[in-house]
Number of protein chains: 2
Amino acid sequence: MDTEERLRDILQRLQKDGHRMTPQRVAILRAFLSAQDHPTVEQVYRRVCRDFPMTSLATVYKTVALLKEMGEVIEISGDLQGSRYDAFHPEPHPHLICTRCGQIYDGEGVDVQPVVAALQAQSAFQVSTYRLDLYGVCAACQAQSG
Amino acid sequence: MDTEERLRDILQRLQKDGHRMTPQRVAILRAFLSAQDHPTVEQVYRRVCRDFPMTSLATVYKTVALLKEMGEVIEISGDLQGSRYDAFHPEPHPHLICTRCGQIYDGEGVDVQPVVAALQAQSAFQVSTYRLDLYGVCAACQAQSG
DNA sequence: TTATTTACGGATAATGATTATCAATAAGAG
DNA sequence: CTCTTATTGATAATCATTATCCGTAAATAA
Ligand SMILES: [Mn+2]
Ligand SMILES: [Mn+2]
Ligand SMILES: [Zn+2]
Ligand SMILES: [Zn+2]
């Protein structure tokens, strides 16, 4: 399922809930769904403004709230200033956050579920989601300054 | 190493850095170090005020900043309002956050290091710390409302 | 197409946790 | 005791996010 297909699906589900399809909403959704760099709301705002200068930051906030309700985005809130979002991979997965340059990478190829399941079993919690963030220095930043 | 022993150690290290030992600082440090319920800054402030009414919220913020620099506290910042702190177990460990009552429990008995190590190896990151938070409903909240 | 309804967009004010500021005070060294 | 200056407490400032409100435009049906 590629971005445009997901976009149509999401718009259809929104419409079913009495929501409307506006040019701003489509542009903002497309920006979120296609972003692979975990942008902030502000960054998505600036991207949308490039092709659609008449856009409000408030509308971007309203749109990300919609995506949250629909489970089509995950939020990365750490010691960064401003939350970061991943609507490209909306299922929980590990993130590697570079404390030097601020870049956020997806952690791939490692199955976290067993650990989550073990913690759930040990705690009698009914776990609905999780967040695993590793903080450190990325390869690029290591190369340029030890 | 119990709380009072850690307190003395921390005060000694602070003194070595040109810091001073004030009654407020000691009271706030003691409150942080002995708290096992992941309190907010506000909660620590209220606890200290019980025995030491002449205390400022700003001083609690300054003290938690000191603890952060020293690596003697970990911060849990999520979708909660206000960060939560664990200065009782300052090494990284999983947390179980109840979205119903807001209580935060320590995840125990599960080794997270292998997963962290695997992610570090796969990513060429130099990982310095991590955060693993599970969100869900605690046993108590499940019991009282399905 | 046109009329009607009302969700939406944009601008901006409000919120709230955290941080910065600063004058008065007191800890610690000599 | 005296002096230096880190610290305190009160409060202002910051800043990401949320709430508010009115004019606009998307949907729906006549
Ligand atoms: Mn991601
Ligand atoms: Mn803990
Ligand atoms: Zn980096
Ligand atoms: Zn609960």
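Letters A, B, ... are given to chains in the order of the sequence lines, protein chains preceding strands, and every chain is numbered from 1.
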A/Glu42 vs A/Arg47, salt bridge (Lys or Arg N to Asp or Glu O under 4.0 Å): CA-CA, chis, key distance, verdict: CA-CA 9 Å; A/Glu42 183 80 30; A/Arg47 273 168 220 181; over 6 Å; no
Criterion side chain to side chain contact (heavy atoms under 4.5 Å, CB included) on A/Tyr85 and A/Ile76, from CA distance to verdict: CA-CA 6 Å; A/Tyr85 294 92; A/Ile76 303 153; over 6 Å; no
Using the rule given for salt bridge (Lys or Arg N to Asp or Glu O under 4.0 Å), can you reason through A/Asp2 versus A/Arg6, listing the C-alpha separation, both sets of side-chain angles and the distance that settles it, and then say yes or no? CA-CA 6 Å; A/Asp2 70 337; A/Arg6 272 185 73 204; over 6 Å; no
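A/Gln81 has its CD atom 22 Å from the P atom of D/dA13, to the nearest Å. As rounded to whole Å, 19 Å separates atom C1' of D/dA6 from atom NZ of B/Lys16. Atom pair B/Tyr45:OH and D/dA10:P shows a separation of 7 Å (rounding to whole Å applied). Here the P atom of nucleotide C/dG16 and the CG atom of B/Leu80 are 16 Å apart, to the nearest Å. The CG atom of A/Asp79 sits 13 Å away from the C1' atom of C/dT18 (whole-angstrom rounding). D/dT18 atom C1' lies 11 Å from atom NZ of A/Lys68, rounded to whole Å. Between the CG atom of A/Leu57 and the P atom of D/dA19 there is a distance of 15 Å, given to the nearest Å. In this entry the distance linking CG of B/Leu29 with P of D/dT8 reads 10 Å, nearest Å.
Identified under the side chain to side chain donor-acceptor pair (under 3.5 Å) test for residues 60-69 of chain B, with sequence neighbours left out: B/Lys68-B/Glu75. The list of side chain to side chain donor-acceptor pair (under 3.5 Å) pairs with a residue in residues 19-33 of chain A, not counting sequence neighbours, reads A/Glu4-A/Arg30. Legend: side chain to side chain donor-acceptor pair (under 3.5 Å) pairs involving residues 104-114 of chain A, not counting sequence neighbours, sorted by first then second residue: A/His38-A/Asp106, A/His89-A/Asp106, A/His93-A/Asp106, A/His95-A/Asp106.
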Footprint string (nucleotides 1-8 of chain C, 5' to 3'): B base within contact, S backbone only, - free, heavy atoms under 4.0 Å: -----BBS
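Nearest approach of B/Leu119 to A/Gly107, heavy atoms of both residues: CD2-CA, 3.8 Å. Taking all atoms of both residues into account, the shortest heavy-atom contact from A/Ala35 to A/Phe88 is O-CB, 3.3 Å. Considering every non-hydrogen atom in both A/Ile74 and A/Pro90, the closest pair reads CG2-O, 3.0 Å.
B/Tyr130 places a side-chain heavy atom less than 4.5 Å from the side chain of B/Val112. Side-chain atoms of A/Leu29 and A/Leu67, non-hydrogen and from C-beta on, do get closer than 4.5 Å to each other.
Using a 4.0 Å heavy-atom distance criterion, A/Thr55 is classed as a sugar-phosphate-only contact. Counting non-hydrogen atoms under 4.0 angstrom, A/Ser83 reaches the backbone sugars and phosphates but no base. Nucleic acid contact class of B/Gln15 (heavy atoms, under 4.0 Å, all strands): sugar-phosphate only.
Phosphate contact (OP1/OP2 of C/dT18, side-chain N/O of B/Tyr61, threshold under 4.0 Å): present.
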N/O-N/O pairs, protein side and nucleotides 20-24 of chain D side, under 3.5 Å:
none

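For the residue pair A/Arg84/A/Ser77, the side-chain donor-acceptor check at 3.5 Å is not satisfied.
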Bracket string, DNA chain C, 5' to 3' - pairs by Watson-Crick or G-U geometry under 3.5 Å, | interstrand: ||||||||||||||||||||||||||||||
